[in-house]
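Worksheet for the structure shown next.
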Amino acid sequence: MSYTFQEIEKKWQAFWKEHNTYRVTETTDKKKYYILDMFPYPSGAGLHVGHPLGYIASDIFARYKKHQGFNVLHPMGYDSFGLPAEQYAIQTGQHPAITTENNIARYREQLDKIGFCYDWEREVRTSSPEYYQWTQWIFTTIYRAWFNLETQKTEHIDTLIQHFENNGNFNVQAACDEKWHQSLLELKDNEGQPLYFFGTDWNGDFTATDWQSMNEEQRYHLLMCFRLTYLADSMVNWCPALGTVLANDEIKDGVSERGGHPVVQKKMRQWSMRISAFSERLLLGLDQIDWPENIKEIQRNWIGKSEGATAFFDLSQHPGQIEVFTTRPDTIFGVSYLTLAPEHPLVSYITTADQKDAVEQYVQQAALKNERDRQVQSKEMTGVFTGAFAIHPLTGKEVPIYIGDYVLAGYGTGAVMAVPAGDQRDWDFAKHHNIPIVLIFENHDASESACTSKEVPLVNSDFLNGLCGKAAFNSAVESLEKIEHGNKKVNYRLRDAVFSRQRYWGEPFPVYFKDGKAQMIGDQELPVTLPDVDKYLPTEDGEPPLARSQWKYQNDFVMEYNTMPGWAGSSWYFLRYMDPKNTQAIASKEAMNYWGQVDLYMGGAEHATGHLLYSRFWTMTLHDLEYVPFGEPFQKMINQGMILGRSSFVYRIKDTNTFVSADLRKEYTTQRLYADISIVDNDQLDTEAFKKWLPEYHNAEFILNEKGQYLCGFEVEKMSKSKYNVQTPDELIEKFGADTLRCYEMFLGPVEQSKPWDTKGINGVHNFLRRLNRLFQTDEGQWMVTQDAPNKKSLQTLHRTIKKVTDDLNRHSWNTVVSTLMIAVNEWTEQKCHQKEVLESLVVLLSPYAPHLAEELWNKLGHQDSVTLAHWPEAIAAYLEDDVFSYPVSFNGKTRFNIDLDANMDAASVEKEVMAHEKTAHYLEGKAPKKVIVVPKRIINIVC
RNA sequence: GCCCUGGUGGUGGAAUCGGUAGACACGCAGGACUUAAAAUCCUGUGACCAUUGCGGUCGUGCGGGUUCAAGUCCCGCCCGGGGUACCA
């Protein structure tokens with residue numbers, strides 16, 4: 001039979017469904033393998049050919065591992081909370097749950113057509129209450145936890161309370177905001193009096209007695225400073241257009257990642273996750289996992305560890321100090337001024353009367369600029385003198401204090417000690433403001449630029465003179481410590497993650513408020529399900545949409561009206577697949593112990609600073625609390641590249657409805673317009689179809705080139721509806737079949753690489769499957785497979801192919817497997833090989849890539865069971881080597897001819913044979929060989 | 001700027017440990033079959049020179065180096081892609 005892929009694929013997809021072929025259980029003594037794709041957000045647009053790239057690769061690998069005897073967990077689900085469904089709801093009033101349901105149905109239909117081996121009984125949806133019940137449970141679990149910096153481990157909040165009971169906060173290092181105690185002092189009780197009995201100069205220490213004398217409210221606020229998820233007033237990224245806050249990783253280039261709307265800084269009371277506590281753990285963990293180096297590097301940069309010191313500069317005219325963070329304490333003798341961020345709390349306190357106007361004006365200006373503006377501004381170092389001075393801790397000299405917006409309030413202490421000789425920004429600022437530069441580096445006059453090398457010996461630096469590098473660093477810190485004006489300090493760039501969103505379509509918080517204090521709703525009462533609302537917009541007074549529901553806990557208490565961010569549900573979904581229907585826990589201990597870490601995670605690199613960091617954080621916390629048996633979720637990860645679209649363009653002559661072929665467009669003034677790629681073939685436009693495509697082109701006229709063709713221009717760019725360059729898998733499956741699509745997507749190149757989508761080569765891959773089919777049966781339907789013993793050549797082809805395919809899959813080289821199978825099929829076709837012994841193994845090798853065709857052929861070979869149960873063939877060594885090896889003979893590195901010799905001949909005999917060869921004398925040109933190199937089964941090189 | 005990647009024919013790519021560069025496929029050219037087209041099959045296809053045949057020279061972004069041998073290792077550049085930034 002000719003290759004009737006449409007029939008075959010339908011038939012086997014039905015078979016798999018009926019027989020539950022891909023069901024997975026834990027009740028087996030097989031070794032496990034967990035391979036996971038990043039689950040999709042089910043968007044209304046459906047899948048384009050780029051989406052399944054990673055899914056196909058992981059599906060192939062999952063099938064391969066099954067053939068090898070592993071028990072493979074290869075699940076799929078949906079990250080189904082999200083903005084688009086909500087925005088659609090705002091426009092149309094349709095409940096996001098319905099939109100989501102429809103989109104999922106469409107996704108499922110598309111996924112099924114590609115022939116994946118998912119166990120759909122394990123499907124998860126982040127928006128289903130059975131799932132988000134556990135997202136809520138994790139939230140409360142993290143709320144009931146603190147982080148012990150000494151042990152670097154999460155602990156239950158009770159152990160912290162125990163500490164406080166016994167010793168106050170002495171001898172305990174709990175992760176918290178550095179200014180935690182200051183924020184407590186701002187709190188007032190019902191009568192407007194300070195809530196706490198500590199004075200304004202309280203340094204944060206409290207005793208067991210202090211703790212014991214605190215009331216419930218005081219303890220609540222104090223503990224909130226240490227919980228791993230906490231409610232606090234914090235500066236957040238507010239996106240007015242979206243009406244919600246955004247996490248740092250949801251902002252790209254200063255605008256929202258979704259929609260590209262402006263983002264401003266705003267102070268709001270929000271839930272946050274104390275991910276900053278895990279900075280060091282997240283950093284160290286990277287060494288334990290097998291991820292692409294660039295992703296690790298992105299995470300390292302995002303965590304942004306810098307080792308340095310803090311130093312305290314006493315104020316000259318006032319009591320108090322300015323704390324600065326520096327990575328170069330060794331340059332401290334080069335300090336010629338300090339710079340504060342305009343938002344620094346001391347600014348108004350220290351500014352002198354005659355500088356007041358200038359400073360206030362500058363602060364106001366800076367406040368108007370958002371972070372993006374500050375970046376875009378020229379590199380000019382703006383700033384203003386405050387009129388105040390500080391005392392250099394080591395020299396005792398006065399240094400002026402400036403403010404400048406090149407200092408960021410959110411990093412370090414919001415204040416820097418400026419060393420113009422050693423820091424380029426400080427140098428620029430000093431030049432701009434005519435501040436004298438203290439020279440502290442040997443042979444460096446600072447007239448051109450700062451000297452940023454750490455290895456230049458210091459001068460003018462008192463006891464540091466002559467030192468450099470680590471020695472100078474340590475010596476400077478030591479002397480600061482001695483006078484209690486500084487200490488070693490490690491700083492991280494990683495900020496806590498804001499966890500509240502002012503949206504409807506997300507997980508509701510299991511939280512209500514009693515006397516203004518947040519209370520967790522008990523585990524037994526979960527899930528807290530989303531209430532219905534009349535509109536999906538914020539209320540008139542700016543509360544989140546959930547406030548419209550008038551939602552109350554026990555009819556009495558105000559609920560939390562924010563919802564959780566998109567990353568909440570995706571931070572633990574890999575755990576739920578292990579035991580998706582469990583009603584008692586996120587997943588059973590047994591299931592988690594059995595499946596363990598994800599062995600291979602496929603997905604896009606764009607989640608490096610979001611999902612991939614948050615999932616690690618949650619897994620670590622849950623591991624510390626002994627809910628999860630491992631601390632890193634994803635052992636190995638491969639990032640598939642993006643498949644780009646190839647857009648086609650037509651050129652309309654200005655102010656007409658006449659279109660000119662791309663090769664002639666230079667002669668006219670034209671406007672470039674997109675043309676749908678479905679009416680363009682090989683850059684040639686189907687002009688009739690174009691007229692029918694959009695009403696406005698109905699009367700279009702064309703200027704064709706000499707060949708009578710209308711040629712389109714093209715560009716490679718992201719696939720999107722508005723560019724009319726979206727290629728859906730459905731069309732290709734219709735035309736060539738899912739097996740061809742699967743093979744072709746792999747054949748395109750290494751999965752990690754980004755590449756433009758191009759259907760040009762798909763015929764070649766389709767022909768390969770047809771040729772393969774023809775080894776089994778003629779196009780007329782005559783079955784060709786015989787029981788005869790195959791000849792040696794066919795067996796050699798087979799075993800070499802087994803070896804190469806196996807090796808290639810093991811090193812995740814999906815693309816070369818297709819080539820290898822093509823070569824094998826070409827060879828067998830030439831050999832006229834139709835022996836069952838050979839072809840049966842071929843079917844198994846083929847089955848990960850083209851499962852439908854493989855099932856069909858396997859069945860026709862007489863098997864009742866699915867081919868997925870077949871064992872992976874093993875290569876027999878005897879067939880891998882030829883008896884004869886064709887040695888390339890080179891002279892001075894240039895290959896001249898080949899000589900066939902016994903493959904097992906030793907080097908000395910090979911040399912003898914070569915020297916005796918007639919051509920050797922010719923290439924020696926009478927010279928004597930200086931050296932003859934023989935590498936057995938590789939090469940012969942004669943040096944002369 | 002810094003960090004991470006990558007750069008191979010007309011195109012996608014292969015070359016896994018330093019050992020015949022360009023596998024496999026597309027495209028293109030020529031041919032067979034056909035009224036014709038599609039499909040299928042055959043031949044050729046890195047560039048240049050030579051061509052009756054044998055062959056020769058160059059060639060993996062550029063310039064050096066190590067080596068009997070370099071796409072692969074080392075040094076210095078150039079260009080593309082991604083990340084990140086007044087981060088003190």
Side-chain angles (χ1 to χ4, degrees), chain A residues 2 252-253 292-302 304-306 308 324-328 331 339 341 371 374-375 377-382 404-408 410-419 422-426 428-429 491-493 605-606 608-609 639 641-642 682 744 747-750 752-765 767-768 770-771 774 779 804 807-808 810-811 813 815-826 829 886-898 929-935 937-944:
Chain A
S2 63
K252 291 267 152 13
D253 301 324
E293 197 47 46
N294 63 320
I295 299 280
K296 289 193 185 186
E297 206 54 34
I298 290 169
Q299 289 207 347
R300 282 191 195 109
N301 291 336
W302 192 259
K305 180 179 187 173
S306 55
V324 301
F325 175 73
T326 176
T327 52
R328 298 292 306 275
T331 64
T339 314
E371 248 176 75
R374 282 204 198 176
Q375 288 168 30
Q377 295 281 315
S378 68
K379 296 277 169 197
E380 197 175 271
M381 293 290 161
T382 63
D405 66 6
Y406 79 98
V407 178
L408 304 177
Y411 183 78
T413 61
V416 300
M417 57 175 226
V419 182
D423 182 283
Q424 193 54 45
R425 288 176 317 252
D426 295 344
D428 292 342
F429 192 89
N491 219 353
Y492 298 91
R493 203 185 74 104
E606 67 273 18
T609 54
N639 298 121
M642 219 191 333
N682 223 344
Y744 183 57
F747 187 67
L748 275 177
E752 300 92 330
Q753 236 165 68
S754 285
K755 52 227 151 192
W757 178 258
D758 193 340
T759 41
K760 270 187 199 155
I762 200 166
N763 264 315
V765 175
N767 283 342
F768 150 67
R770 296 170 57 146
R771 280 169 70 105
R774 252 182 252 134
D779 284 351
K804 177 93 166 98
D807 289 352
D808 284 358
N810 286 341
R811 65 189 175 100
S813 174
N815 55 327
T816 52
V817 172
V818 183
S819 310
T820 304
L821 291 174
M822 284 174 171
I823 294 168
V825 167
N826 290 347
T829 303
S886 179
Y887 276 94
V889 182
S890 43
F891 292 79
N892 294 326
K894 277 185 189 143
T895 310
R896 295 299 183 180
F897 61 90
N898 279 48
K930 288 186 189 131
K931 203 170 173 187
V932 178
I933 287 142
V934 176
V935 184
K937 287 182 207 168
R938 278 208 195 278
I939 199 166
I940 298 160
N941 191 16
I942 298 168
V943 188
C944 53

Would you say [X]'s side chain and [Y]'s backbone share a donor-acceptor pair under 3.5 angstrom?
X: A:Tyr887; Y: A:Lys937; result: yes
X: A:Asn639; Y: A:Glu752; result: no
X: A:Ser890; Y: A:Ile940; result: yes
X: A:Lys931; Y: A:Asn941; result: no

[N] versus [M] - spacing of their [atom1] atoms, nearest Å:
N: B:rU11; M: B:rG61; atom1: P; answer: 14 Å
N: B:rA23; M: B:rC68; atom1: P; answer: 31 Å
N: B:rG46; M: B:rU35; atom1: C1'; answer: 40 Å
N: B:rU8; M: B:rU66; atom1: C1'; answer: 23 Å
N: B:rG63; M: B:rC58; atom1: P; answer: 14 Å
N: B:rG71; M: B:rU60; atom1: C1'; answer: 5 Å
N: B:rG12; M: B:rG64; atom1: C1'; answer: 33 Å
N: B:rA47; M: B:rG10; atom1: P; answer: 7 Å

Is [X] touching bases, backbone alone, or none of the nucleic acid, heavy atoms closer than 4.0 Å?
X: A:Val943; result: sugar-phosphate
X: A:Ile933; result: base
X: A:Phe747; result: base
X: A:Asp758; result: nothing
X: A:Lys937; result: nothing

Measuring from the side chain of [X] (C-beta onward, heavy atoms only), which nucleotide among [options] has the closest atom?
X: A:Arg493; options: B:rC3, B:rA85, B:rC41; value: B:rA85
X: A:Leu408; options: B:rC26, B:rC4, B:rA88; value: B:rA88
X: A:Leu748; options: B:rA23, B:rG12, B:rC4; value: B:rG12
X: A:Asp405; options: B:rC68, B:rC86, B:rC58; value: B:rC86
X: A:Lys755; options: B:rC4, B:rG13, B:rG19; value: B:rG13
X: A:Lys894; options: B:rC58, B:rC4, B:rU20; value: B:rC58
X: A:Pro750; options: B:rA14, B:rG12, B:rU40; value: B:rA14
X: A:Val416; options: B:rA88, B:rC3, B:rU40; value: B:rA88

Checklist entry - Between A:Ala415 and A:Ser890, which has a closest nucleotide on RNA chain B that is more 5'? => result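 Its nucleotide being nearer the 5' end, the pick is A:Ser890.
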Item to check | Residue whose nearest RNA chain B nucleotide is more 5′ - A:Pro888 or A:Asn815 | outcome: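 This one resolves to A:Asn815.
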Checklist entry - Which class fits the ring pair A:Tyr744 and A:Trp757: parallel under 30°, tilted 30 to 60°, perpendicular over 60°? => result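 The rings of A:Tyr744 and A:Trp757 stand perpendicular, inter-plane angle above 60°.
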Next on the checklist: Once you measure the plane-to-plane angle for A:Phe429 and A:Tyr406, does it fall in the parallel (<30°), tilted (30-60°) or perpendicular (>60°) bin?
Outcome noted: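 Tilted.
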Checklist outcome for this item: Pairs under 3.5 Å (Watson-Crick or G-U), crossing ones as [ ], inter-strand ones as |: RNA chain B comes out as (((((((..(((......[....)))((((((.......))))))((((.....))))..(((((..]....))))))))))))....
Using atom types as modelled, flag every donor-acceptor pair under 3.5 Å from a side chain in residues 816-826 of chain A to any protein atom, sequence neighbours excluded.
unit_1   : atom_1 : unit_2   : atom_2 : d
A:Thr816 : OG1    : A:Asp808 : OD2    : 2.8
A:Thr816 : OG1    : A:Ser813 : O      : 3.1
A:Thr816 : OG1    : A:Ser813 : OG     : 2.6
A:Thr820 : OG1    : A:Thr816 : O      : 2.8
A:Asn826 : OD1    : A:Arg771 : NE     : 3.2
A:Asn826 : OD1    : A:Arg771 : NH2    : 2.9
A:Asn826 : ND2    : A:Met822 : O      : 3.4

Is the shortest side-chain N/O distance from [X] to OP1 or OP2 of [N] below 4.0 Å?
X: A:Asn301; N: B:rC2; result: no
X: A:Arg811; N: B:rA15; result: yes
X: A:Arg896; N: B:rG56; result: yes
X: A:Asn826; N: B:rA25; result: yes
X: A:Gln753; N: B:rG13; result: yes
X: A:Asn767; N: B:rU40; result: yes
X: A:Arg300; N: B:rC4; result: no
X: A:Tyr406; N: B:rA88; result: no

Item to check | Non-hydrogen side-chain atoms of A:Val943 and A:Asn892 separated by less than 4.5 Å | outcome: yes
Checklist entry - Does any non-hydrogen side-chain atom of A:Val416 lie less than 4.5 Å from one of A:Val324? => result no
Next on the checklist: Taking atom types as they are modelled, would you say the side chain of A:Asn941 forms a donor-acceptor pair with the base of B:rC68 within the 3.5 Å cutoff?
Outcome noted: yes
Checklist entry - Rounded to the nearest Å, what distance is computed from the CG atom of residue A:Asn898 to the P atom of nucleotide B:rU20? => result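 Taking CG of A:Asn898 and P of B:rU20, I get 11 Å after rounding.
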Checklist entry - For A:Phe891 and B:rC68, what is the distance between atoms CZ and C1' respectively, to the nearest whole Å? => result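 Spelled out: CZ on A:Phe891 to C1' on B:rC68 is 13 Å.
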Checklist entry - Syn or anti: how is B:rG9 classified when any glycosidic angle within 90° of 0 counts as syn? => result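 Here the answer is syn: the torsion falls within 90° of 0.
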Item to check | Glycosidic class, syn or anti, of B:rC17 using a 90° window around 0 | outcome: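 For B:rC17, whose glycosidic angle is within 90° of 0, the conformation is syn.
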Checklist entry - Would you find more than 12 non-hydrogen atoms of other residues, nucleotides or ligands less than 6.0 Å from A:Arg896 atom CZ? => result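 Counting neighbours around CZ of A:Arg896, more than 12 heavy atoms of other residues, nucleotides or ligands fall under 6.0 Å, so yes.
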